[in-house]
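What follows is a single structure, written as structure tokens, with notes after it.
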Amino acid sequence: HDSCSLALASNRRDPAAMDAYLVGIESSELRLVAENQGMGMLTDVSHDGRYGILYRMESRSDNNLFLLDLDTSKETLLTPHDGPGSFDAGKFAPDGRTIYLSSNKERELIAFARVQPGQDGQPGPIEIIAERDDAELNSFEISEDGTTAALVWNLAGRNELDFLNLATLQLTAGPTLPGELAFGFS
């Protein structure tokens, strides 16, 4: 968020693994922030630069998100679950107190959720805040001011856009998209 570094994943340490790195924009210094057994990457860094959200894939139907302290490398599991589970695209709210994600924990279709770490640093429960019975969440983006989420749903292979007011959790239909698929919101 401060434009001083980029997050990237690379297999330079081990050809069989994708590790998470930060690279300095001006210095080109590559800093390993998390080693992974298989595939992993940072999905976001907090606005203050202190924490990252680390995605790790255990298998195609099982992955997790971790809160990563970028100074100490301490990892805290954000998405505890038994059996298969998909948790993707973790993003911080601007204040760093809420983490937004997609989740299919204990459900068939992927929904929009949040986790709020407690005062002790441990994550609270995964709370579903937007869902549809006819579609699953494909991707999302949080506005810079943290007030709105743009949600892209997969409805039988076609995307639909909704907006979620993050204060009231009121879901509003977006405009009809000009094509069947939507990518790369900013």
Side-chain angles (χ1 to χ4, degrees), residues 1-58 63-80 86-103 110 112-124 126-127 129-130 137-152 161 163-167 174 182-186:
H1 295 280
D2 62 6
S3 301
C4 291
S5 58
L6 291 173
L8 63 92
S10 173
N11 66 347
R12 74 183 289 158
R13 179 189 62 84
D14 178 350
M18 293 296 286
D19 296 326
Y21 290 85
L22 289 174
V23 60
I25 298 295
E26 291 188 20
S27 68
S28 298
E29 177 186 338
L30 192 62
R31 185 178 118 194
L32 175 65
V33 295
E35 291 184 7
N36 296 302
Q37 299 281 11
M39 187 172 145
M41 65 183 156
L42 288 176
T43 62
D44 199 8
V45 174
S46 61
H47 284 240
D48 63 6
R50 185 170 173 205
Y51 295 99
I53 300 172
L54 178 65
Y55 165 88
R56 274 206 183 110
M57 178 187 284
E58 302 297 326
N63 56 51
N64 280 299
L65 295 175
F66 296 83
L67 182 64
L68 176 65
D69 185 312
L70 294 172
D71 292 329
T72 66
S73 298
K74 179 184 176 197
E75 297 177 12
T76 303
L77 179 63
L78 294 169
T79 54
S86 180
F87 308 95
D88 294 313
K91 296 185 187 296
F92 285 103
D95 66 7
R97 292 188 213 145
T98 301
I99 297 164
Y100 296 103
L101 62 141
S102 62
S103 169
I110 297 171
F112 185 58
R114 68 182 170 197
V115 171
Q116 296 176 310
Q119 296 291 357
D120 61 358
Q122 294 304 306
I126 296 170
E127 178 187 4
I129 58 174
L137 188 66
N138 194 54
S139 63
F140 68 89
E141 196 62 51
I142 306 296
S143 63
E144 282 295 320
D145 64 4
T147 62
T148 306
L151 307 176
V152 178
L161 175 65
F163 296 103
L164 181 68
N165 179 313
L166 294 171
F183 299 98
F185 284 92
S186 61

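What you are looking at is a predicted structure, and each value in this text was computed from that prediction instead of being measured. Quick note: residue numbers are just sequence positions, from 1.
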Legend entry - Approximate separation, where rounding is to 0.5 Å, of Phe92 CZ and Leu101 CG: 11.5 Å

Inset, instruction - Could you tell me whether the side chain of Ser143 and the main chain of Thr148 form a donor-acceptor pair under 3.5 Å? - result: yes

Legend entry - Taking every non-hydrogen atom, the tightest pair across Ser73 and Val33: OG-O, 4.1 Å

Inset, instruction - Mark yes or no for whether Thr43, through its side chain, and Tyr55, through its backbone, hold a donor-acceptor pair below 3.5 Å. - result: no

Inset, instruction - Quick one: pull up CG in Leu68 and CG in Asp44 and give me the separation to the nearest 0.5 Å. - result: 12.0 Å

Inset, instruction - Would you mind telling me which of Asp88, Leu151, Val152 makes a side chain to side chain contact (heavy atoms under 4.5 Å, CB included) with Ser139? - result: Val152

Inset, instruction - Nearest 0.5 Å please: distance from the CZ atom of Phe87 over to the CD1 atom of Ile53. - result: 14.0 Å

Inset, instruction - With the side chain counted from C-beta on, respond yes when Thr147 and Asn165 share a heavy-atom pair under 4.5 Å apart, and no when they do not. - result: no

Legend entry - Pair Tyr100 and Phe140, ring centroids less than 6.0 Å apart: no

Legend entry - Sequence-distant partners of Glu127, salt bridge (Lys or Arg N to Asp or Glu O under 4.0 Å), two or more places apart: Arg114

Legend entry - Spacing of CD1 belonging to Ile99 relative to CZ belonging to Phe66, to within rounding of 0.5 Å: 12.5 Å

Inset, instruction - Indicate the atoms forming the closest heavy-atom contact of Thr98 with Asp95, along with that distance. - result: N-OD1, 4.0 Å

Legend entry - side-chain hydrogen bond (donor to acceptor under 3.5 Å, both in side chains) contacts touching residues 27-38 (sequence neighbours left out): Asn36-Arg56

Inset, instruction - Locate the shortest heavy-atom distance separating Ile126 from Ala113; write the atom from each residue and the value. - result: CG2-CB, 3.8 Å

Inset, instruction - Starting at CE of Met41, measure out to CG of Leu8 and round the result to the nearest 0.5 Å. - result: 11.5 Å

Legend entry - Residues in side chain to side chain contact (heavy atoms under 4.5 Å, CB included) contact with Val45, at least two apart in sequence or another chain: Leu22, Leu42, Leu70

Legend entry - Distance, nearest 0.5 Å, that separates CG of Leu78 from CG of Leu65: 6.5 Å

Legend entry - Qualifying residues under side-chain hydrogen bond (donor to acceptor under 3.5 Å, both in side chains), relative to Glu144, sequence neighbours excluded: none

Inset, instruction - State, yes or no, whether a side-chain contact exists between Arg50 and Asp69 at a heavy-atom distance under 4.5 Å. - result: yes

Inset, instruction - Write out all pairs satisfying side-chain hydrogen bond (donor to acceptor under 3.5 Å, both in side chains) with one or both partners inside residues 5-16, taking only residues at least two apart or from two chains. - result: Arg13-Asp19

Inset, instruction - Work out which heavy atom in Phe163 is nearest to a heavy atom in Gly174; give both atom names and the distance. - result: CE1-CA, 3.8 Å

Legend entry - Heavy-atom pair of closest approach, residues His47 and Ala93: CD2-O, 4.3 Å

Inset, instruction - With sequence neighbours excluded, tell me which residues meet side chain to side chain contact (heavy atoms under 4.5 Å, CB included) with Gln122. - result: Thr76, Asp120

Inset, instruction - State, to 0.1 Å, how close Gly40 and Ala9 come at their nearest heavy-atom pair, and which atoms those are. - result: O-CB, 3.6 Å

